[in-house]
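Reading through the structure tokens given below for one structure.
Here is the naming used below: chain letters follow the sequence lines, and residue numbers restart at 1 for every chain.
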Protein chains: 2
Amino acid sequence: MSDTSPSASPTRSTGRPTIRDVSRLAGVSFKTVSRVINDQQYVSAEKRERVLAIMAEIGFQPSQAARALAGHRSHQIALICDNPNPWYVYEVQAGVRERCGRDNVRMIAQPYDRATPALLDAIVALIDQAHPDGLVLAPPACDDARVIAELERRRIPFVRLQPGGPIDGVPATSIDNDQAAFDMTSHLLALGHMRIGFVVGDRSYASSDQRLSGHLRALEQAGIGPDPDLVRQGMFDFASGKAAADAMLDLPHPPTAIFAASDDIAAGVLVAAHRRGIAVPAMLSVAGFDDAPLAQVVWPPLTTIRQPVRNLAIAAADLLLAPGDTVERRLDHSLIVRESTAPPPAA
Amino acid sequence: MSDTSPSASPTRSTGRPTIRDVSRLAGVSFKTVSRVINDQQYVSAEKRERVLAIMAEIGFQPSQAARALAGHRSHQIALICDNPNPWYVYEVQAGVRERCGRDNVRMIAQPYDRATPALLDAIVALIDQAHPDGLVLAPPACDDARVIAELERRRIPFVRLQPGGPIDGVPATSIDNDQAAFDMTSHLLALGHMRIGFVVGDRSYASSDQRLSGHLRALEQAGIGPDPDLVRQGMFDFASGKAAADAMLDLPHPPTAIFAASDDIAAGVLVAAHRRGIAVPAMLSVAGFDDAPLAQVVWPPLTTIRQPVRNLAIAAADLLLAPGDTVERRLDHSLIVRESTAPPPAA
DNA sequence: CAAGGTTAGGACACCGTTGTCCTAAATAAG
DNA sequence: CTTATTTAGGACAACGGTGTCCTAACCTTG
């Protein structure tokens with residue numbers, strides 16, 4: 001209000017310091033400051049220090065808009081995560097963000113509703129408006145052929161998080177879903193279960209089929225043939241888990257264990273059992289998949305497969321920010337045995 | 001690869017169409033296109049239509065970087081949500097994003113770890129780099145005095161989501177936490193409970209004290225004085241809920257009902273009860289707060305208070321994008337009675 | 001002492017818009 | 001028939017940086 005004196009500020013029109021303010025205070029040319037910001041050569045250690053000190057002192061941050069416009073990089077990457085599971089979204093965002101922080105790159109992320117009808121349009125608009133330097137595609141978008149085609153057409157770098165099959169030249173991070181399911185079914189078999197129900201996840205996620213196949217492979221290896229009654233379609237969520245469990249528990253010869261393709265499904269199975277007064281694990285063993293916080297919150301705590309979601313996201317961002325020869329990075333899962341699985345009741 | 005002919009593209013250096021490409025195709029000046037994009041006057045309906053049609057046809061999207069640099073608006077708002085609850089973060093992001101979509105404004109959001117040490121620095125860097133037009137502050141950041149002071153110093157518009165007390169001139173959205181807790185405790189009293197335990201939430205969230213005071217108010221109104229043994233400090237999470245319940249159930253004269261300040265806490269209470277073989281709700285009633293998905297996934301399904309988190313977020317974004325005289329918008333909560341509460345056992 | 005690399009600084013165009021100011025035709029109002 | 005208002009278009013300077021090219025001082029090294 002009162003700073004009408006003409007000599008108040010030297011050059012600035014806005015309140016923010018610019019690269020030229022820094023250069024003036026550091027006694028170097030603004031070009032040198034630009035070199036420091038972009039980690040380029042031809043700057044002596046001494047001047048670099050000085051510039052860095054001034055920047056910290058006055059709290060200078062280069063304008064992203066200006067850098068994006070002038071340079072050919074926006075220093076942003078976009079995370080596409082159209083997943084209805086809040087925990088999954090949270091972990092993926094946290095992982096990508098953590099890795100971005102190390103490179104001083106910004107992550108732009110926004111949740112997309114499950115099966116956003118215009119996901120492709122949203123992505124295209126995002127790319128054209130925000131000019132991300134690359135994208136991380138989480139499931140199920142990572143397996144959307146139209147999305148992939150559009151990104152390849154535009155030659156925008158991207159990586160895939162937990163995709164279905166590999167795509168030539170597109171880096172990806174994943175766990176071995178098939179093997180993980182195999183491990184869990186083997187655990188149940190080792191406990192003595194012969195009739196094991198399986199609730200399949202949403203078929204639009206590639207991992208659903210992978211997990212089913214691992215389960216069936218373990219059964220086959222134990223000499224147990226597939227039983228259509230014991231494989232039920234679910235949607236990764238609680239409601240479908242409860243419905244699937246209800247159907248299987250109504251069978252004349254019900255399973256003694258149910259392996260659910262997600263912890264949410266497993267929670268539905270647990271509630272179905274509780275409603276019928278079936279004790280878990282004494283009368284029915286229940287196993288999940290994910291090791292979400294939910295697994296330790298339900299009763300009894302779930303035996304499940306731990307997926308290192310956050311580390312998968314970190315690795316995915318790493319493949320994008322520091323591309324190398326690696327095309328696929330596979331992380332380990334682990335079997336977490338808690339209290340929801342036990343030997344079957346003595347018939 | 002093969003478009004080496006000089007006449008291939010008219011002006012463009014990058015592949016992206018620019019405002020000038022649009023103007024050429026629409027047969028108007030580029031200034032008119034700019035007016036259409038910014039919804040300014042002095043454009044006839046006919047030309048506006050034509051420009052819009054061309055933009056849709058060639059998939060033109062104005063460069064955010066250029067707009068931000070030239071104009072004084074970035075068409076972005078930032079969401080600051082340093083909350084450890086994935087569901088809460090997800091809902092808030094979804095709500096803000098939904099409202100932003102209507103105004104064609106982009107939301108920049110990234111999860112901050114609980115108690116990010118340098119949250120203030122992160123916010124300052126975000127502001128200086130991305131130049132958001134405003135911020136939505138979710139709890140607990142909305143009650144961080146240093147953050148508030150910094151934003152006011154910079155005169156950046158912001159709104160607060162579920163804050164503690166009001167701040168002059170700063171819009172906010174909230175529910176009546178005190179009344180909601182009062183309602184729940186009244187429900188338990190109406191069922192006949194006389195000894196009601198309460199697990200307080202994290203004290204750095206203003207709502208924790210509000211909920212406690214509503215609970216005590218209801219007790220007082222029923223002629224029941226506060227009992228220090230029946231008020232335990234928690235942290236909004238499962239582990240603290242279990243610990244608090246364990247402590248209260250060890251009491252020589254344990255409560256017949258426990259009201260938890262969040263559903264996560266309530267889940268901990270449930271597990272503590274299950275471990276001791278205490279039937280819920282027959283021997284112990286348990287109530288939660290939030291109506292997160294968790295509330296319907298645990299056993300038995302939780303009686304709880306529904307908070308319209310997504311709508312609170314939508315309303316918050318609305319206050320930011322369409323500011324008016326409204327300074328506080330209060331949304332309704334509701335009591336959801338499920339199966340975890342019942343009359344106390346007949347002593 | 002010449003040749004060559006390193007460390008700067010300067011000049012200038014450019015990125016794709018918006019803001020400002022000016023001009024002028026077409027239309028409406030007085 | 002003037003005089004405003006609406007509807008354009010044009011010119012030009014920002015916005016805050018980056019990329020490119022040139023120059024030159026200062027070290028090395030042979």
Quiz item: Can you name the residues that form a salt bridge (charged side-chain N to carboxylate O under 4.0 Å, His left out) with B:Arg146, not counting sequence neighbours?
Solution: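 Partners of B:Arg146 under the salt bridge (charged side-chain N to carboxylate O under 4.0 Å, His left out) test: none.
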
In whole Å, I'd like the distance from the [atom1] atom of [X] to the [atom2] atom of [N].
{"X": "A:Gln41", "N": "C:dT7", "atom1": "CD", "atom2": "P", "answer": "8 Å"}
{"X": "A:Glu49", "N": "C:dT7", "atom1": "CD", "atom2": "C1'", "answer": "16 Å"}
{"X": "B:Tyr42", "N": "D:dT5", "atom1": "OH", "atom2": "P", "answer": "9 Å"}

Self-check item: Stretch residues 50-61 of chain B: residues that reach within less than 4.0 Å of DNA chain C through a heavy atom
Solution: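 Contacting residues: B:Phe60.
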
Do any side-chain atoms of residues 311-329 of chain A form donor-acceptor pairs under 3.5 angstrom with protein atoms, and if so which ones, sequence neighbours left out?
| residue | atom | partner | partner atom | Å |
| --- | --- | --- | --- | --- |
| A:Asp318 | OD1 | A:Arg99 | NE | 2.6 |
| A:Asp318 | OD1 | A:Arg99 | NH2 | 2.8 |
| A:Asp318 | OD2 | A:Arg329 | NH1 | 3.1 |
| A:Glu328 | OE2 | A:Ser174 | OG | 2.9 |

Nucleotide N/O to protein N/O under 3.5 Å, stretch nucleotides 18-25 of chain D:
| residue | atom | partner | partner atom | Å |
| --- | --- | --- | --- | --- |
| D:dT18 | OP1 | A:Asn38 | OD1 | 3.4 |
| D:dT18 | OP1 | A:Asn38 | ND2 | 2.7 |
| D:dT18 | OP1 | A:Arg67 | NE | 3.3 |
| D:dT18 | OP2 | A:Ser34 | OG | 2.5 |
| D:dG19 | N7 | A:Lys31 | NZ | 2.7 |

Practice problem: Please lay out, stage by stage, how A:Asp128 and A:Arg154 fare under the test side chain to side chain contact (heavy atoms under 4.5 Å, CB included). | Solution: CA-CA 11 Å; A:Asp128 284 335; A:Arg154 291 168 173 253; 2.9 Å; yes

Quiz item: Residues two or more places apart in sequence or in another chain: which of them pass side-chain contact (heavy atoms from CB on, under 4.5 Å) with A:Pro111?
Solution: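 Scan of A:Pro111 (side-chain contact (heavy atoms from CB on, under 4.5 Å), adjacent residues dropped) gives B:Tyr90, B:Gln93, B:Ala94, B:Arg97, B:Met107.
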
Practice problem: Could you pull out all residues at least two apart from A:Ser23 that satisfy side-chain contact (heavy atoms from CB on, under 4.5 Å)? | Solution: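 Expected list: A:Arg20, A:Val28, A:Phe30, A:Val33.
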
Quiz item: Which of the following nucleotides, C:dT17, D:dG17, C:dC15, is nearest to the side chain of A:Ser63?
Solution: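 Per side-chain heavy atoms of A:Ser63, the pick is D:dG17.
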
Practice problem: Starting from the 5' end of DNA chain D, give me the residue, B:Leu69 or B:Lys47, whose nearest nucleotide shows up first. | Solution: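 Its nucleotide being nearer the 5' end, the pick is B:Lys47.
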
Let me check something: any side-chain donor-acceptor pairs from residues 47-57 of chain B under 3.5 Å, sequence neighbours excluded? List them with distances.
| residue | atom | partner | partner atom | Å |
| --- | --- | --- | --- | --- |
| B:Arg48 | NH2 | B:Gln40 | O | 3.0 |
| B:Arg50 | NH1 | B:Ala26 | O | 2.6 |
| B:Arg50 | NH2 | B:Glu46 | OE2 | 3.3 |

Quiz item: Sequence neighbours excluded, which residues qualify as ring pair (Phe, Tyr, Trp, His ring centres under 6.0 Å) partners of B:Phe158?
Solution: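 Ring pair (Phe, Tyr, Trp, His ring centres under 6.0 Å) list for B:Phe158, sorted by chain: empty.
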
Exercise. Please list, chain by chain and in numerical order, all residues satisfying ring pair (Phe, Tyr, Trp, His ring centres under 6.0 Å) with A:Phe60, sequence neighbours excluded.
Key: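 By the ring pair (Phe, Tyr, Trp, His ring centres under 6.0 Å) rule, A:Phe60 matches no residue at all.
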
